[in-house]
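Worksheet: the structure to be examined is printed underneath.
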Amino acid sequence: MRHISRNDVMNLFNDIRARVIDALDAMVAAGDLPQGLDFANVTVEPPRDPAHGDMATNAAMVLAKPAGMKPRDIAEKLAARLTDGPIASVEVAGPGFLNLRLAPGIWQDQVRAALDGGEDFGRSTYGAGQKVNVEFVSANPTGPMHVGHLRGAVFGDALASLLGFSGHDVTREYYVNDGGAQVDVLARSAYERYREANGLEPQIAEGLYPGDYLIPVGEALKARYGDSLIDKPEEEWLVEIRDFATAQMMDLIRGDLALLGISMDIFSSERALYGTGRIEAAIERLRSAGLIYRGTLEPPKGKLPEDWEAREQTLFKSSEFGDDVDRPIQKSDGAWTYFAPDIAYHWDKIDRGFDQLIDIFGADHGGYVKRMNAAVKALSNGRVPLDVKLIQLVKLFKNGEPFKMSKRAGTFVTLRDVVEQAGADVTRFHMLTRKNDAPLDFDFAKVLEQSKDNPVWYVQYASARVHSVLRRAAELGVDVSDAALAKADLSKLDHPAELELIRKVAEWPRQVEHAARAHEPHRVAFYLYDLASSLHSLWNRGNDETGLRFVQDGDLDTTASKIALARSVGVVISSGLGILGVTPAEEMR
RNA sequence: GCACCCGUAGCUCAGUUGGAUAGAGUGACGGCCUCCGAAGCCGUAGGUCACAGGUUCGAAUCCUGUCGGGUGCACCA
């Protein structure tokens, strides 16, 4: 029998799949199957219909064609080799599925595994320690974060946690766009506030940042420079004020992130790439691969920009890597485009030894992903995969009414506004209740509502019920420590309604692994909702069937078994919420 | 015009990387509290998975085309 790691034991589905693969290997050895088959598509999954048993495998069907055999023949030979250990019985069904029934106690063992593992239950090693870089937020350092940044921030942080939980070595990274014209605008805006602090009338011209958040920056500048910069030409103060203001803005942003419980491992500066030869070196690397040339791009088809004119530019041959056209890396005046330092930046990430890169962009930057993918492919010789996740817009509502925002009118909503009104836990969970590429509605009234319409509340309510029942059992004299509960007689948990909940708990390792593979943390949120639903369902059955209540007056042993189940649900909820960055509730009052 | 994302119940959305009879919430209707937390649970109703082809044992899922919505399209970042 193949060696099974502790991790695989925790993921029952992987364990059973390993047994199926072993049986297939044995069939090959015995000549029942041809050599050289690929078992990668063999899956073991919970069947949708419970009547189909505990688990089902498609092995016979996916192997029929490559093996040149009938599914039914494979299925029957495979079935004969599977009834062993945890698998109690096997039947061939439908077009060639093998429906597996597990031996008594196997599911219950998963409850024990959850209690033994605690919040490590479901942790996996499939990431194999791979170094993954998750770059997210990367908001321009020109002001506080607003709602537009909020969702990407939560998504990136949760994805990073999810990958860490599944065995990756994760770095959270922020790319500071401090190299372009917008930080000069910031400097000029801050300068006006500096003049204001010196008692002069600020002249916030069109195009400057009007926000109040620069007023304290102006005062800090006064404290530092007095009036020595007043009426001096821009050349004398631009760089100093720019660097100062940028640093202040980054402090602001770090504070905003902290409100959400987000802490970056690294802030990488775009500006720091200039003048170090890093950009030139990155471009040179592409040039030596024959991917840089001087050329003139075709005008875009369809509506032609008014001021379009043919220009010779330095181009990157991104079209060789799936991009639609080649992309300019230098402007006509010879300065780098935004793309050039970004190429250098990604090369730097590759250079730092990451095995996998993930970028999180707003959906409005979708047009950028092909060229970035092309660059990373070219720079790493295809070694390092880049996955760009696009985050769709958040639509704000208040009691069903759309919340109009306008930067000009000063009514744009900051991240701080949202978190202070809704709370970090609610905000974070709600941001993850949609797939990243689907638009999301955020209604300040609804997210705070206490009903099952609100998934945050619903999951928290389940958590609170678990804690409630643990408290009651403790009052009756049950030792509710995990170590003690793990010793309870779990074979008492044999009612179909209880088994249904146990199955949900047992699915956690599998769900979290799938979520990690897909880079989709929202799956964790949906699973938790589902798990909460199963708990509520069992709970309410206890109203009619008193034998199903978690607390059984006068029978401490049975209570301990049932509390063990409740606690395993609680363990998974806090583990799952932990990945999402949400604190589980102990009570709702 | 081109590229990317999306199209699933009246509404808002999931859908286990191709599996068996497509699921939740909400809204509508009907049940369940002398009972561990009813802020909950159970049931009924509701579908041509935008449309048309194709791939195969098998498609909401993969490919092609069409329609509809969003986003982006040289010297902005």
Side-chain angles (χ1 to χ4, degrees), chain A residues 13 41 43 45-49 52 56 58 60-62 64-65 70-71 93-97 99 140 177 179-182 270 296-303 305 307-311 313 315 323-328 330-335 337-339 341-342 362-370 390 392-393 433-435 437-441 449-455 457-458 461-462 464-465 468-469 471-473 507 510-511 514-515 517-518 522-523 526-527 529-530 533 536-546 548-553 559 562-563 566 587-589:
Chain A
F13 295 88
N41 290 329
T43 58
E45 297 174 341
R48 213 181 339 245
D49 186 345
H52 292 148
N58 61 358
M61 286 182 295
V62 294
K65 191 168 189 180
K70 289 180 187 162
F97 284 101
N99 290 334
N140 287 342
N177 292 129
Q182 75 278 4
E270 176 191 355
T296 307
L297 288 173
E298 294 287 308
K301 298 271 197 282
K303 38 186 173 175
D307 58 343
W308 194 89
E309 58 180 75
R311 274 193 204 91
Q313 293 172 302
L315 301 167
D323 200 356
D324 309 303
V325 293
D326 295 337
R327 304 292 178 176
Q330 273 181 324
K331 303 177 194 171
S332 50
D333 66 0
T337 62
Y338 173 78
F339 188 34
D342 217 356
D364 55 341
H365 286 60
Y368 200 67
V369 320
K370 280 190 180 179
L390 297 178
Q392 266 293 353
L393 288 177
T433 54
R434 287 287 177 272
K435 231 174 358 192
D437 53 11
L440 170 78
D441 291 347
E449 190 175 294
Q450 303 197 330
S451 77
K452 67 176 190 163
D453 184 23
N454 179 357
W457 182 87
Y458 190 76
Y461 185 36
R465 275 182 155 174
S468 163
V469 88
R471 282 192 299 267
R472 289 231 2 151
E507 246 190 76
R510 182 170 172 278
Q511 291 284 353
H514 279 286
R517 280 184 198 284
H522 77 277
R523 293 187 189 214
F526 279 93
Y527 165 78
Y529 184 88
D530 218 31
S533 174
H536 292 315
S537 178
L538 177 59
W539 183 287
N540 277 85
R541 282 192 68 164
N543 287 341
D544 299 328
E545 302 170 52
T546 53
L548 285 177
R549 294 184 193 172
F550 289 100
V551 175
Q552 298 288 314
D553 289 319
T559 300
K562 292 175 183 295
I563 292 296
E587 52 184 352
M588 304 301 287
R589 293 175 207 280

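Below, chains carry the letters A, B, ... as their sequence lines are ordered, and counting in each starts from 1.
Base engagement by A/Asn99 is indicated by at least one non-hydrogen atom pair under 4.0 Å involving a base atom. Among the atoms of the strands shown, only primed sugar atoms or phosphate atoms (P, OP1, OP2) are found under 4.0 Å from some heavy atom of A/Phe526. Residue-level contact check: A/Asn58 touches the bases, meaning some heavy atom is under 4.0 Å from a base atom. As judged by a 4.0 angstrom heavy-atom cut-off over every strand, A/Asp453 is placed among residues touching the sugar-phosphate backbone only. Here A/Ala363 lies in heavy-atom contact (under 4.0 Å) with sugar-phosphate atoms only. Among the protein residues, A/His365 comes within range of the nucleic acid bases, having at least one heavy atom under 4.0 Å from a base atom. Residue A/Val62 is classed as a base contact, given a heavy-atom separation below 4.0 Å to a base. Looking at heavy-atom distances under 4.0 Å, A/Asp364 makes contact with sugar-phosphate atoms alone, never a base. Residue contacts shown for A/Glu309 include a base, since a base heavy atom lies under 4.0 Å away. Across all strands, A/Arg465 comes closer than 4.0 Å only to sugar-phosphate atoms, never to a base (heavy-atom distances). Nucleic acid contact for A/Arg517: base, since at least one base atom lies under 4.0 Å from a heavy atom of the residue. If you check every strand for non-hydrogen atoms under 4.0 Å, A/Ala56 touches a base. As judged by a 4.0 angstrom heavy-atom cut-off over every strand, A/Arg523 is placed among residues touching the sugar-phosphate backbone only.
Residues passing the side-chain hydrogen bond (donor to acceptor under 3.5 Å, both in side chains) test with A/Glu449 are A/Ser451, sequence neighbours excluded. Evaluation of the side-chain hydrogen bond (donor to acceptor under 3.5 Å, both in side chains) rule for A/Asn140 yields no partner, not counting sequence neighbours. Applying the salt bridge (Lys or Arg N to Asp or Glu O under 4.0 Å) test to A/Glu545 and every residue at least two apart in sequence or in another chain returns A/Arg541. Residues that satisfy the side chain to side chain contact (heavy atoms under 4.5 Å, CB included) test with A/His52, not counting sequence neighbours, are A/Pro47, A/Asp49, A/Asn99. Under the salt bridge (Lys or Arg N to Asp or Glu O under 4.0 Å) criterion, A/Arg434 pairs with no residue at all, not counting sequence neighbours. Scored by the side chain to side chain contact (heavy atoms under 4.5 Å, CB included) test, A/Lys70 finds A/Asp73 as partners (sequence neighbours excluded). With sequence neighbours excluded, no residue forms a side-chain hydrogen bond (donor to acceptor under 3.5 Å, both in side chains) with A/Arg311. The salt bridge (Lys or Arg N to Asp or Glu O under 4.0 Å) test applied to A/Arg549 returns no partner, not counting sequence neighbours. Every residue two or more places apart in sequence or in another chain that forms a ring-ring contact (aromatic ring centres under 6.0 Å, His included) with A/Tyr527 is listed here: A/Trp508.
Between B/rA14 and B/rC5, the two P atoms lie 16 Å apart (nearest whole Å). Separation of the P atoms belonging to B/rU8 and B/rG15 is 14 Å when rounded to the nearest angstrom. Between the P atoms of B/rC49 and B/rC11, the separation comes to 16 Å (whole Å).
Among the nucleotides B/rU21, B/rG37, B/rC41, the one closest to any side-chain atom of A/Asp49 is B/rU21. Relative to the side chain of A/Asn177, the nucleotides B/rG19, B/rA77, B/rA38 differ in distance, and B/rA77 lies closest. Here the side chain of A/Ser451 is nearest to one of B/rC36, B/rU17, B/rG40, namely B/rG40. For A/Asp544, the side-chain atoms get nearest to B/rC32 when compared with the rest of B/rC6, B/rA14, B/rC32. Listed nucleotides B/rA74, B/rU16, B/rC57 differ in distance to A/Pro328; the shortest reach to its side chain belongs to B/rA74. In the set B/rA77, B/rG25, B/rC36, the nucleotide with an atom closest to the side chain of A/Asn140 is B/rA77. The side chain of A/Tyr368 sits closest to B/rA77 out of B/rA77, B/rU17, B/rC57.
A sub-4.0 Å separation between OP1 or OP2 of B/rG15 and a side-chain N or O of A/Lys435 is present. One finds a side-chain N or O of A/Tyr458 lying less than 4.0 angstrom from the OP1 or OP2 phosphate oxygen of B/rC41. Remark: A/Trp539 is in phosphate contact with B/rA38, judged by side-chain N or O atoms under 4.0 Å from OP1 or OP2. Between B/rG37 and A/Ser468, a contact under 4.0 Å exists linking OP1 or OP2 to a side-chain N or O. One finds no side-chain N or O of A/His514 lying less than 4.0 angstrom from the OP1 or OP2 phosphate oxygen of B/rA14.
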Could you go over nucleotides 8-12 of chain B and give all protein N or O partners under 3.5 Å, atom names and distances?
from   : atom 1 : to       : atom 2 : distance (Å)
B/rU12 : O2'    : A/Arg434 : NH2    : 2.8

Using the 3.5 Å cut-off, write out each protein N or O paired with an N or O of nucleotides 42-46 of chain B and the distance between them.
from   : atom 1 : to       : atom 2 : distance (Å)
B/rC42 : OP1    : A/Ser537 : OG     : 3.2

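In this pair, A/Tyr368 and A/Tyr338 present their aromatic rings tilted. The plane angle is within the 30 to 60° band.
Residue A/Asn540 places a side-chain atom within donor-acceptor reach of the base of B/rG40, judged by atom type and a 3.5 Å distance cut-off alone.
Side chain of A/His536 to main chain of A/Tyr458: a donor-acceptor pair is present (N/O by atom type, distance under 3.5 Å, no hydrogens or angles). Under a 3.5 Å cut-off, the side chain of A/Thr337 and the backbone N or O of A/Pro328 do form a donor-acceptor pair. A side-chain donor-acceptor contact under 3.5 Å links A/Thr559 to the backbone of A/Gln552.
For the pair A/Tyr338 OH and B/rC73 P, the interatomic distance rounds to 14 Å; values are reported in whole Å. Between A/Arg327 atom CZ and B/rG72 atom P there is a gap of 15 Å when expressed in whole angstrom units. In this entry the distance linking CD of A/Gln392 with P of B/rG7 reads 12 Å, nearest Å. Counting to the nearest Å, the P atom of B/rA24 and the NE2 atom of A/His536 are 16 Å from each other. In this structure, NZ of A/Lys65 is placed 5 Å from P of B/rC57, rounded to the nearest angstrom.
Across the interface with RNA chain B, nearest-nucleotide mapping of A/Glu45 and A/Gln552 shows A/Glu45 to be the residue nearer the 5′ end. Mapping A/Lys370 and A/Arg510 onto RNA chain B via the closest heavy atom, the residue that lands nearer the 5' end is A/Lys370.
Among the duplex regions that RNA chain B forms, those built from at least three successive Watson-Crick or G-U pairs under 3.5 Å are B:1-7 with B:67-73, B:10-13 with B:23-26, B:28-32 with B:40-44, B:50-54 with B:62-66, ordered by first number.
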